[in-house]
Novice: 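Below you will find the structure I want to go over with you.
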Protein chains: 2
Amino acid sequence: MLDITEVVRRSGVPASTLRYYEEKGLILSTGRRGLKRIFAPGILDQLALIALGRAAGFTLDEIGEMFDAGGEPSIDRDALSAKADELDDTIRKLSAMRDGLRHAAKCPAPSHLECGQFRRLMNIASARMRVEKKRGAQEI
Amino acid sequence: MLDITEVVRRSGVPASTLRYYEEKGLILSTGRRGLKRIFAPGILDQLALIALGRAAGFTLDEIGEMFDAGGEPSIDRDALSAKADELDDTIRKLSAMRDGLRHAAKCPAPSHLECGQFRRLMNIASARMRVEKKRGAQEI
DNA sequence: CCTTGACCTCAAGCCAGCTTCAAGTTGCAG
DNA sequence: CTGCAACTTGAAGCTGGCTTGAGGTCAAGG
């Protein structure tokens with residue numbers, strides 16, 4: 001059994017965040033010593049899992065749905081696949097962007113506006129903005 | 001010369017956003033007809049460029065510094081390179097994440113917690129969180 | 001037993017990048 | 001000239017994921 005200080009020390013997650021996660025229902029403290037929260041050791045895995053989810057682009061609400069009542073993970077494999085596909089898409093876009101930037105950085109055109117590739121990038125970016133307005137922003 | 005409605009129609013950027021950008025100093029309206037803003041046609045390129053910058057991960061403030069007094073772009077090629085490098089880094093992280101998710105989705109371990117690769121991912125994600133706390137979050 | 005400092009709660013604040021609202025002004029069609 | 005839709009302003013609100021602050025409680029060490 002761990003007190004909050006110990007959880008902070010071992011997970012690197014600030015106490016304020018732990019309280020916030022508990023309030024949101026993402027984690028559970030297993031009891032109190034007086035007012036003070038006590039956590040089961042499993043909390044550390046759970047926090048690592050939350051960190052992973054965040055890094056993968058899940059929202060806290062989505063992550064909350066990945067735990068059963070006991071705090072054990074029960075992650076839908078289809079959801080993982082879907083998120084992987086989403087990441088793939090993001091990666092493709094970012095790669096195109098990176099290549100365009102790389103080109104612009106060494107393009108000899110006096111102004112970037114005179115570079116065909118740069119203009120293509122600009123057009124793609126504004127087209128994407130339009131789409132995201134319509135379809136409720138993805139991410140990135 | 002374009003009125004705001006025309007700019008909205010041709011750029012897809014909402015009027016509220018145009019006013020916000022002007023207030024922020026990112027764009028300039030070239031005059032007024034009565035109270036109403038009038039824009040030079042160049043605004044369309046400028047908005048496309050802003051969209052591109054946003055998509056590449058620049059903040060509005062950073063983008064603001066990319067225009068000279070006349071609204072002409074004057075983009076530091078080094079900044080573009082640096083942003084490209086940053087994107088590369090992001091892409092690498094996302095790729096690792098995607099591969100891990102993909103694996104977890106088809107991993108036969110009864111619980112994800114029992115899968116070595118999944119646990120490695122978890123640990124990477126929580127280690128990254130710690131670092132980002134210390135060094136003031138990048139993006140993604 | 002008393003102090004102390006680590007914990008607690010609840011509410012408010014912060015960030016970026018907008019959007020929305022209420023109330024006021026105006027260009028222009030009829 | 002009138003009416004009204006389209007524009008204007010400034011301020012406030014929103015989203016997500018926290019952090020911060022004020023003020024309160026309590027377990028443990030001296």
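As a basis for the values below, the full set of heavy atoms in this structure was taken, side chains included, without hydrogen atoms, waters or symmetry mates.
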Novice: Verify the contact: side-chain N or O of B:Thr17 to OP1 or OP2 of C:dT19, cut-off strictly under 4.0 Å; return yes or no.
Specialist: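 Yes, B:Thr17 has a side-chain N/O under 4.0 Å of OP1/OP2 on C:dT19.
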
Novice: Answer yes or no: is there a donor N or O on one side and an acceptor on the other, between the side chain of A:Ser29 and the main chain of A:Ile38, under 3.5 Å?
Specialist: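 No: the side chain of A:Ser29 does not pair with the backbone of A:Ile38.
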
Novice: In whole Å, what is the span from the CG atom of A:Leu26 to the C1' atom of D:dC18?
Specialist: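 In whole Å, D:dC18 C1' and A:Leu26 CG are 13 Å from each other.
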
Novice: Do you see a donor-acceptor pair shorter than 3.5 Å between the side chains of A:Ser111 and B:Glu72?
Specialist: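 Distance-only check fails for A:Ser111 and B:Glu72.
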
Novice: Within the structure, does a side-chain N or O atom of A:Arg19 lie under 4.0 Å from either OP1 or OP2 of D:dG17?
Specialist: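 Looking at the OP1 and OP2 atoms of D:dG17, neither is under 4.0 Å from any side-chain N or O of A:Arg19.
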
Novice: Would you say B:Arg33 has more than 12 foreign heavy atoms packed within less than 6.0 Å of its CZ?
Specialist: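 Counting other residues, nucleotides and ligands, CZ of B:Arg33 stays at 12 neighbours or fewer.
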
Novice: Does B:Arg54 or B:Gly34 map to a spot on DNA chain C nearer the 5' end, using the closest nucleotide for each?
Specialist: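 Looking at the nearest nucleotide for each, B:Arg54 comes out on the 5' side.
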
Novice: Does the side chain of A:Arg32 get closer than 4.0 angstrom to OP1 or OP2 of C:dT9 through an N or O atom?
Specialist: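 Yes, A:Arg32 has a side-chain N/O under 4.0 Å of OP1/OP2 on C:dT9.
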
Novice: Take A:Leu18 and A:Leu47, measure what side-chain contact (heavy atoms from CB on, under 4.5 Å) needs, and give me the verdict at the end.
Specialist: CA-CA 9 Å; A:Leu18 293 174; A:Leu47 288 171; 3.6 Å; yes

Novice: Mind calculating the distance between CD1 (A:Ile27) and P (D:dC18) to the nearest angstrom?
Specialist: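 In whole Å, D:dC18 P lies 11 Å from A:Ile27 CD1.
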
Novice: Is A:Glu22 salt-bridged to A:Arg37, cutoff N-O under 4.0 Å?
Specialist: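 Yes, this pair counts.
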
Novice: Give the rounded distance in Å between these two atoms: CD of B:Glu22 and C1' of C:dT19.
Specialist: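 B:Glu22 atom CD is separated from C:dT19 atom C1' by 17 Å.
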
Novice: Could you check how far CD of A:Glu62 sits from P of D:dG17, rounded to whole Å?
Specialist: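 Atom-to-atom, A:Glu62 to D:dG17, this comes out as 9 Å.
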
Novice: In this structure, how many angstroms lie between the C1' atom of C:dC28 and the CG atom of B:Asp3, rounded?
Specialist: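 It is 13 Å, rounded to the nearest whole Å.
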
Novice: Roughly, in whole Å, what's the span from CD in B:Glu23 to C1' in D:dA12?
Specialist: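 Whole-Å distance recorded here is 13 Å.
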
Novice: What is the distance, to the nearest angstrom, from the CG atom on A:Leu35 to the C1' atom on D:dA27?
Specialist: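 The distance from CG of A:Leu35 to C1' of D:dA27 comes to 10 Å, rounded to the nearest Å.
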
Novice: Using heavy-atom distances to pick each residue's nearest nucleotide on DNA chain C, tell me which of B:Asp61 and B:Lys36 is more 5'.
Specialist: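 Between the two, 5'-proximity favours B:Asp61.
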
Novice: Could you pick out which residue, A:Lys24 or A:Arg33, lies toward the 5' side of DNA chain D when each is mapped onto its nearest nucleotide?
Specialist: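 Per heavy-atom nearest nucleotide, the more 5' residue is A:Lys24.
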
Novice: Give the rounded distance in Å between these two atoms: CG of B:Leu60 and C1' of C:dC15.
Specialist: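 Computing the B:Leu60:CG to C:dC15:C1' distance gives 13 Å.
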
Novice: Please tell me if B:Tyr21 has a side-chain N or O lying less than 4.0 Å from either OP1 or OP2 of C:dG17.
Specialist: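 No, because none of the side-chain N or O atoms of B:Tyr21 sits under 4.0 Å from OP1 or OP2 of C:dG17.
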
Novice: State which of C:dG17, C:dC8, D:dG17 makes the closest approach to the side chain of B:Tyr20.
Specialist: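 Of all the options, the side chain of B:Tyr20 is nearest to C:dG17.
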
